[in-house]
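For reference, the structure is listed below as structure tokens.
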Amino acid sequence: MSQPNRLGQGGRIDRAHTLDFTFNGKRFQGHAGDTLASALLANGVDIVNRSFKYSRPRGIVAAGAEEPNAVVQLGSTEAGQVPNVRATQQALFDGLEARSTNGWPNVQRDMMSLVGKLGGKFMPPGFYYKTFMAPASMWMTYEKFIRKGAGMGRSPAENDPDIYDHLHQHCDVLVVGAGPAGLAAALAAASGGARVILVDEQEEMGGSLLDTRETLDGKPAHQWVAEAQQELAGMDNVVLLPRTTANGYHDHNFVTLHERRTEHLGETAPLLDGRRQVRSRMHRVRAGRVVLATGTHERPLVFANNDVPGNLVAGAVSTYIRRYGVVPGRRLVLSTSNDHAYRAALDWHELGKASGREVVAIVDARANPDGELVEQARAQGIRIITGSAVIEARGDTRVSGARVSKVDLEGFRVVGEVETLACDTIASSGGYSPVIHLASHTGARPTWRDDLLAFVPSLVKGVSAAGGAQGITATAEVLADGVAAGRQAASDAGFEAASVCLPQVAARRDGAACALYQVPHEKAALRAPKQFVDLQNDVTAAGIELATREGFESIEHVKRYTAMGFGTDQGKLGNINGMAVAARCLGKSIPEVGTTVFRPNYTPVTFGAIVGRHCRELFDPERYTPMHQWHVEQGAEFEDVGQWKRPWYFPQVRPDAANGERESMAEAVARECLAVREAVGILDASTLGKIDIQGPDAREFLGRVYTNKWAKLAPGRVRYGLMCRDDGMVFDDGTTSCLGENHFLMTTTTGGAAGVLEWLELWHQTEWPELQVYFTSVTDHWATMTITGPEARKLLAELTDIDLDREAFTFMDWREGRVADVPARVFRISFTGELAYEINVQANYAQHVWDALFVHGEKYGLTPYGTETMHVLRAEKGFIIAGQETDGSVTPEDLGMQWCVGYDKPFSWIGQRALTRPDTSRTDRKQLVGLRPRDPKVVLEEGAQIVLDPNHAIPMPMVGHVTSSYYSPTLGSGFALAVVKGGQHKMGETVYLPMADGQTHEADIVSPVFIDPKGERQNV
Amino acid sequence: MFHIHCPYCGELREEQEFHPKGQAHIARPADPASCSDEEWGDYLFFRDNPRGIHHELWVHAAGCRKFFNITRHTVSYEILETYKMGEQPSFTAEHPRGNSTEAASRQAQVAQQAGVHV
């Protein structure tokens, strides 16, 4: 028989439908309806992984999201690799290929386990901190090997072929979890017309009802589940989302739902009608009310060697038998602190001895258990050992026995003789923890309840918990609680809920549970075989005890020291047990030790789902100028400036190249620079921010936000301005033109446009609402083309009716007229130091004007240039770029721009007061200077640090840094702008720039204006 | 992600449409020149960081571009009210439950927008 642990009947699998899969290269078969975990158990695969730190063999422990060990790597192809998949949550599909993430050379024989075996004493908590931190410089080396040893899955190295969607949803009531509480809540809430979304993370809705022993209305519980689902599916106001995990609960009832639409079908989404299906959807839900019906996680008991394969939580045993028709062993010992876990033994026992299955014993920590399930077990003749617990598992790669002893829970010690029971499976249950993760995401600290021996969620406004999630476990009560929560949520959202007819469930009398977390051993915890608290992170009870001895008292510190509850696991099984161990060691109660905080995501979410469609060309919006297509056709290389695509340079085919080889960037930029300085160039400057400012107080407003004066700027004139924050630091600059007495056009840096507009609005709306002034962004409305160079006037004259006479249209004037028969504003401003005209036309006319300029410009050598040439030309003139020469710590005075500061303006403009603070008036502030490298071939690195004494011992005192640096074809030399402490008084001095490669460059401090210091060329 | 009621648009909108601009009700001194360096430094750099009720300045950047104020609880992140520039908060550290009928009407307005009956 190929599946030795598969039962002949029962379960919710389709035995007629066989599926092939491989695990670690070995072929197996399972059935439709299996998870990877149930199929592995059916095939008798005991070891699914090696543990993280000690490399111990590990088997499947649980049946759901809380599984700590069976975390596998999925994928038959490189592009299909999926890390961090819980085998318990992965539906089996035909052709599935999975591998263990840890274990070298394989999980059966693992070399690292030698370290683990020896390592008990050698790898205490904080081992890595203690061992590998010295010398600190070596940590990078150690880390590489530690990570390799640790495994933990890997991401695919090829592009993901799948498609992911984001959906934005609204609903009145979001119900998380479709077990008995969730189904009842959804029915109740939806009955009154509220828009309801019901999500469940499993392959099928139904939760605990899919494997319960109880009947609803005398029928198997799953029948009621089917009926309830059918009723909900028939309602227009209900959305059912199976295979969907509510992963994060964010502010104001914003919940992210990760719906996996095809992961049960294949490793990549299959095609449907020739098109690839959407693999998963991220629903971003804004819910009116949220009902958390997330159920419970069973806590395993912490005893010696509780990690040997064959150790499971009790409920998982029932789930595998009843839901998947798989029995994960032959001889069972159950160790429990409560009644509910008895059903694992009853389910196992009912398989019958004929099937080769036997319950060896139920070991109950309580002295006198007497609940209904206990009575049933007694009646069936199962041996019950009371007042006792399994204190140690025997076995290496599979459980071979259980050592059982009487335990004194108060005294935390073993009493009496130890009996060893031969078995291959140990099921344990230490009680049930409400799944409070989502409630915890809101920041609300959970509350400990002694009667439940569990934390229950504290709830913020708009959210409630129902059923197991708030500690209610009896099915009849859970259903009723679900209805109440659903009705209340609907009513809070403004809907009258109708009554819901609940199925009859026989009440069950359960005895009280006892508090048992870590089981005592004959030896003290530090010397006993390892008792695991957190299986995924290999945290033991001894490790926690050691942490408390070393002085860690807060559970948050213990967690960080031991790594308990870290990683993808987020402490689902181990956190409460760990807190109990810490509490015992510190002599405190569990709530005194602290509460536990869970963070999103509840289970790992693939990056594809987080990103959705926002990838590749849709990652960020791209903005194009009206002439963009022309630039593309000219073969321009582009630079990103904010969201804009700007031509960077226009490489031409080399005249001498036979194979069409194009210029390098340096060659193209040199050619473009010389064209501007000697003939005429053209720049697409459409991206500059443009803000239209109107109103009777516009002029006053400008005077307040700019450092310089605006009172006398006449219509037809343009002025350059600097903007500071109120701390006196420059944050943007640009020219503003007076279009009319109450009408101005402000330009900003390309990247600063949105920020400047918001800045203007901020001051207007919050400080000076009495000023009548209005701001409108017109960046996209106007295209801007700058023609600049000695031939610019001649070229423009051929195309315009504007009088370009030197006296009639002077530098810093603007004129309205027509250019190429199109209405235009022409600004005579210069960012190159050459004669320049900035032509603004309506954006949809821009390509026409651009083309016309080239028709007329050819004879003048009109050359398009990009941002790199623009930078070289402006730097040669010492013109700053806000954000490059300035970094939020530079004042106008640091830039040597006192000429642009109106010290005597009547209103205290933004930044003025700060300029007289002691710090801003220091004389040794970093000040803008030019640098001329001694070796003209050297182009200094931008960001390079400047020192005065290159022979000074390291660390050398650094006096400044290079802010802009280029090669100037006009100067035939490299040159740079820099900020240097007290630099304005260091003209002619030599500074040094030590580089990472050991070279030191020498440079002279010079004026930042390298070309035409008197500004004659722009004034011709 | 916050759900913010813009008092100018009169709608609850996603946080993505807004930018936070720091503490609200920080008035620029009327005569900066007469401020001592310390007073000016306080105005520029010092802000409250309360555990509890906090008044914040926000702007509906991708909406109406209006600046407005939010009263937010810094522990629960609950937004207790939003109000226009020039108005005063109804919920304060002294009156955490609101000090006027205006508080109730602001809350009701937001709740009505959210389709929630309070």
Side-chain angles (χ1 to χ4, degrees), chain A residues 168 170-172 194-195 248 250-256 284 286-289 442-445 460-462 491-495 704 725-729 754-755 757-769 775-777 907-921, chain B residues 1-5 8 12-16 18-19 21-22 24-41 43-45 57-62 64-69 72-80 84-86 107 110-118:
Chain A
H168 294 259
H170 295 265
C171 66
D172 299 308
R195 292 170 302 162
H250 309 276
D251 301 314
H252 303 171
N253 275 3
F254 182 73
V255 184
T256 46
R284 300 155 66 89
R286 189 69 74 171
R289 290 289 184 275
T442 65
R445 294 271 166 156
V460 297
K461 222 175 184 176
S491 149
D492 289 345
F495 294 86
R704 296 184 185 186
R725 299 191 189 279
D726 232 346
D727 61 6
M729 303 302 156
L757 179 62
E758 194 170 284
W759 176 253
L760 302 178
E761 292 282 9
L762 169 71
W763 286 93
H764 180 228
Q765 291 182 32
T766 65
E767 286 291 340
W768 309 314
F775 312 96
T776 310
S777 168
F907 190 89
S908 184
W909 41 272
I910 299 171
Q912 180 177 26
R913 172 63 184 83
L915 296 183
T916 56
R917 298 181 73 227
D919 185 63
T920 40
S921 38
Chain B
M1 192 159 64
F2 293 169
H3 212 199
I4 299 172
H5 182 262
Y8 292 97
L12 273 163
R13 309 292 296 180
E14 294 291 326
E15 182 182 332
Q16 283 162 310
F18 301 85
H19 293 166
K21 306 302 285 188
H25 306 296
I26 304 281
R28 189 177 197 248
D31 183 10
S34 67
C35 288
S36 68
D37 283 336
E38 191 176 348
E39 284 165 344
W40 189 251
Y43 156 67
L44 281 183
F45 303 121
L57 180 66
W58 286 69
V59 59
H60 196 179
C64 64
R65 280 184 15 212
K66 286 284 197 180
F67 286 76
F68 62 95
N69 300 310
R72 189 172 67 90
H73 197 284
T74 58
V75 178
S76 69
Y77 285 17
E78 187 182 355
I79 292 177
L80 297 162
K84 295 177 180 176
M85 294 314 308
Q107 279 209 316
V110 173
Q112 194 187 354
Q113 267 297 321
V116 173
H117 296 232
V118 287

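Each chain gets a letter, A, B and so on, in the order the sequences are listed, and its residues count up from 1.
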Item checked: Option in Pro918(A), Ser908(A), Ala444(A) with maximal non-hydrogen atom pairs under 4.5 Å from chain B -> Ser908(A)
Next item on the list: Any chance you could measure Ile26(B), atom CD1, to Thr766(A), atom OG1, to the nearest 0.5 Å?
Entry: 11.0 Å
Checklist line | Polar side-chain atom of His252(A) near backbone of Glu14(B) as donor-acceptor pair, under 3.5 Å | finding: no
Check: Would one find more than 12 heavy atoms of other residues, nucleotides or ligands at under 6.0 Å from atom CZ of Phe907(A)?
Finding: yes
Next item on the list: Mind ranking Gly443(A), Ala914(A), Gly462(A), Pro769(A) by heavy-atom pairs under 4.5 Å with chain B and telling me who comes out on top?
Entry: Ala914(A)
Checklist line | Portion of Leu762(A) that has a non-hydrogen atom of chain B nearer than 4.5 angstrom | finding: both
Checklist line | Phe68(B) portion near chain A, given a 4.5 angstrom heavy-atom threshold | finding: neither
Checklist line | Rounded distance [0.5 Å steps], CG in Asp251(A) versus CZ in Arg72(B) | finding: 8.0 Å
Notebook entry, point to check: With the threshold set at 4.0 Å, does a side-chain nitrogen-carboxylate oxygen contact exist between Glu758(A) and Lys21(B)?
Noted result: yes
Next item on the list: Step by step, work out the salt bridge (charged side-chain N to carboxylate O under 4.0 Å, His left out) result for Glu761(A) and Arg65(B).
Entry: CA-CA 8 Å; Glu761(A) 292 282 9; Arg65(B) 280 184 15 212; 2.6 Å; yes
Next item on the list: For side chain to side chain contact (heavy atoms under 4.5 Å, CB included), just list the numbers for Asp726(A) and Trp40(B), CA-CA rounded to whole Å, side-chain angles, deciding distance to a tenth of an Å, and then say yes or no.
Entry: CA-CA 10 Å; Asp726(A) 232 346; Trp40(B) 189 251; 3.5 Å; yes
Note to self: For Arg286(A) versus Met1(B), what's the shortest heavy-atom pair and its separation?
What the structure shows: NH1-O, 2.8 Å
Next item on the list: Name the option with the most non-hydrogen atom pairs under 4.5 Å to chain A; the candidates are Gly41(B), Cys35(B), Ala61(B).
Entry: Cys35(B)
Check: Looking only at atom types and distance, does a side-chain atom of Gln765(A) sit under 3.5 Å from a main-chain N or O of Met85(B), one as donor and one as acceptor?
Finding: no
Next item on the list: Under 4.5 Å heavy-atom distance to chain A, tell me which part of Leu57(B) shows up: side chain, backbone, both or neither.
Entry: side chain
Notebook entry, point to check: To the nearest 0.5 Å, what is the distance between CG (Leu44(B)) and CZ (Arg917(A))?
Noted result: 6.0 Å
Item checked: Interchain contact, Ser36(B) with chain A, by part (heavy-atom threshold 4.5 Å) -> backbone
Checklist line | Smallest separation among heavy atoms of Trp763(A) and Arg28(B), with atom names | finding: CZ3-CD, 3.4 Å
Checklist line | Heavy-atom pair count under 4.5 Å with chain B, highest-scoring of Gln912(A), His168(A), Lys461(A), His170(A) | finding: Lys461(A)
Next item on the list: Side chain from CB out, backbone as N, CA, C, O: work out which of these in Arg284(A) comes under 4.5 Å of a heavy atom of chain B, or both, or neither.
Entry: side chain
